[in-house]
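Report on the following structure.
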Amino acid sequence: MRGVLAEFRSFDRPIQLLQINQAGINLGFYMLMPYLAQHLSSGVGMAAWTIGLILGLRNLSQQGLFLIGGTLADRVGHKPLIMLGCGLRTVGFALFGLTTSLPWLIVAAAVTGFAGALFNPAARAYLACAAGERKVTAFAVFNVFYQGGILLGPLVGLALLNAGFTAVCLSAAAIFAVLTVLQGLCLPARQGSAGERPPVLSDWRRAFGDRAFVSFAAAMIASYALSYQMYLALPLEVDRLGGGQAGVMTLYALSALLGIGGQVRLTAWCSARWSRGQAISRGLALMGVAFLPPAVVANLALPPGWALLPLVACTLLLTVGTLVAFPFEMATIADMAGDRLIGTYYGLYNLLSGVGILAGNLLAGALVDVARSFGAAGLPWALLAVAGLVSAAAVRRLDRRDRLPVAGQLAA
């Protein structure tokens, strides 16, 4: 942690505030969201399809509106969008705790998702602009705070559940309210660029028409589908093997602790040896390799106590691969965008990533069901591994063809 703290202190106050802000955002989010479905089911008595509707609307309103949020950040300024997003999430989380009415819960879900679409691209754009040539290191430290919030959030939420779900919601809302005020008082205003701007459609045409960027985003889609298996395929397999909720939480804790303890040192090691493209492609390859242990042992009868070890190996390798790729990935997007359209590019990138997560979840879930029916339990894991390796090869090809910017090279 000394290296993390040293890097954190080496940045200016705005970057430090954004990193703390991200820890607070994840703390508040993961205090509430892991327990929302259970509350709606056992506490409110809603049908499963209704719960799915509420959770689906939250995700759709976030992923589907990322491009709008990123564009607004470029035009209105990064700080107002970060504050507005945190303010809206305050309202959304409070509503989750104060109402059991389906229409109001739908409003809470939509507001909560839209909030994320506002502050996520704006915060990343602000960080990229403020960090300058130190983007990679800034995003590495950012990810440490990100993982810290993921680790602490469920634990704090679990402790607060003793006082009731409303207490969890209002506490999470209070965190976002504090973040809103803190950024209003301490975060300097910053906009991607000044002066007269072309029409929004012109900006979107440039982003969608940037063949190198769209190719990079398409190549990276698989990485988000793979990462999301931490919340789909891995928990399902833990449950099948009898690991229960404790087993799932153990995997999450291992992933978060590895991110907190290893991100900055791993990024420094990679920066000293590899180009950005090499780091991203090798991180993706490692994410693909992560799914080989469960693929190999899927049809074997392992002794009690050993059955979960392949899933632990998968979690650790998947996490390390993500840690390797993430800071370089974020810096590459910013350099492709140039100063004027960073928010728009992050917004479009997140939108495409959301499509990848949705498609990946549908395919992975269907493959798990089909594979179990035909006695081919290793097939889904093997195909996930192939997806990671193909994605790595695609990024490596872009890098070799000089389609990815090197450090400090900005888009025209």
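We number each residue from 1, following the sequence as shown.
Among all heavy-atom pairs drawn from Pro235 and Tyr252, the shortest one is CG-OH, 3.7 Å. Listed here is the closest heavy atom pair of Ala253 and Leu151: CA-CD1, 3.9 Å. Of all non-hydrogen atoms in Gly288 and Leu226, the two that sit nearest each other are N-CD1, 4.3 Å. Of all heavy-atom pairs between Pro121 and Gly70, the closest is CG-N, 3.7 Å. Of all the heavy atoms in Leu351 and Gln63, the pair that sits closest is CD1-O, 3.1 Å. Contact between Ser391 and Leu284 at its shortest, heavy atoms only, is OG-CD1, 3.4 Å.
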Assess whether side-chain contact (heavy atoms from CB on, under 4.5 Å) is satisfied between Ile106 and Leu53, documenting all intermediate values. CA-CA 8 Å; Ile106 289 175; Leu53 173 65; 4.2 Å; yes
Between Trp381 and Val296, does a side-chain contact (heavy atoms from CB on, under 4.5 Å) hold up when you go through it step by step? CA-CA 9 Å; Trp381 304 105; Val296 170; over 6 Å; no
Working for side-chain contact (heavy atoms from CB on, under 4.5 Å), residues Asp203 and Arg340: CA-CA 9 Å; Asp203 289 347; Arg340 190 172 66 83; 2.8 Å; yes
Audit row: Val168, His39, side-chain contact (heavy atoms from CB on, under 4.5 Å) steps and yes/no: CA-CA 11 Å; Val168 176; His39 163 72; over 6 Å; no
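Atom CH2 of Trp104 is surrounded by 12 or fewer heavy atoms from other residues, nucleotides or ligands within 6.0 Å.
Of the residues listed (Leu118, Leu18, Leu17), the one engaging Ile82 in a side-chain contact (heavy atoms from CB on, under 4.5 Å) is Leu18, and it is the only one. Screening Val4, Leu323, Asn143 for a side-chain contact (heavy atoms from CB on, under 4.5 Å) with Val264, the sole residue that qualifies is Val4.
Within the model, atoms CD of Gln16 and CG of Leu187 stand 12.0 Å from one another, a figure rounded to the nearest 0.5 Å. In this structure, Lys135 NZ and Met330 CE are separated by 13.0 Å, a value rounded to the nearest 0.5 Å. Annotation: the span from Leu81 atom CG to Leu88 atom CG amounts to 10.0 Å, rounded to 0.5 Å. To the nearest 0.5 Å, atoms CG (Leu105) and CG (Leu98) are separated by 10.5 Å. How far CG of Leu311 is from CG of Leu316: 11.0 Å, rounded to the nearest 0.5 Å. Note: Ile68 CD1 to Leu348 CG = 11.5 Å, rounded to the nearest 0.5 Å.
Taking the ring axis of Phe11 as reference, the NZ or CZ atom of Arg134 stays within 45° of it and closer than 6.0 Å to the ring centre.
Neither side chain, Arg206 nor Thr344, offers a donor N or O lying under 3.5 Å from an acceptor on the other. No hydrogens or angles considered: a donor-acceptor pair under 3.5 Å links the side chains of Tyr349 and Glu329.
Side-chain contact between Trp274 and Phe328: absent, with no pair of heavy atoms (C-beta onward) separated by less than 4.5 Å. With a 4.5 Å cut-off on side-chain heavy atoms, Tyr35 and Cys169 do not count as touching. At a threshold of 4.5 Å between non-hydrogen side-chain atoms, the residues Asn21 and Cys86 count as touching. Looking only at side-chain heavy atoms (C-beta outward), Leu55 and Arg58 stay at 4.5 Å or farther from each other. Taking the side chain as every heavy atom from C-beta outward, Ile280 and Met220 approach each other to under 4.5 Å. Looking at Ile333 and Phe216, their side chains come closer than 4.5 Å, going by heavy atoms from C-beta outward. Between Val111 and Leu95 the shortest side-chain heavy-atom distance does not fall below 4.5 Å. Counting heavy atoms from C-beta outward, Leu36 and Phe165 have side chains that approach closer than 4.5 Å.
Although no hydrogens or angles enter the test, the distance criterion places no donor-acceptor pair under 3.5 Å between the side chain of Thr100 and the main chain of Val44. Of the possible donor and acceptor atoms, one in the side chain of Thr180 sits under 3.5 Å from a partner among the backbone N and O of Gly87. In this structure a side-chain-to-backbone donor-acceptor pair under 3.5 Å is missing from Gln263 to Gly259. Listed for the Tyr345 side chain is no donor-acceptor partner under 3.5 Å among the backbone atoms of Gly338. Between the side chain of Thr112 and the main chain of Ala108, a donor-acceptor pair closer than 3.5 Å is present.
Ion pairing of Asp399 with Arg396 is present here, as a side-chain N (NZ or NE/NH1/NH2) and a carboxylate O approach within less than 4.0 Å.
Using cut-offs of 30° and 60° on the angle between ring planes, the pair Phe176 and Phe93 is perpendicular.
Applying the ring-ring contact (aromatic ring centres under 6.0 Å, His included) test to residues at least two apart or on different chains, none of the pairs has a partner in residues 280-302.
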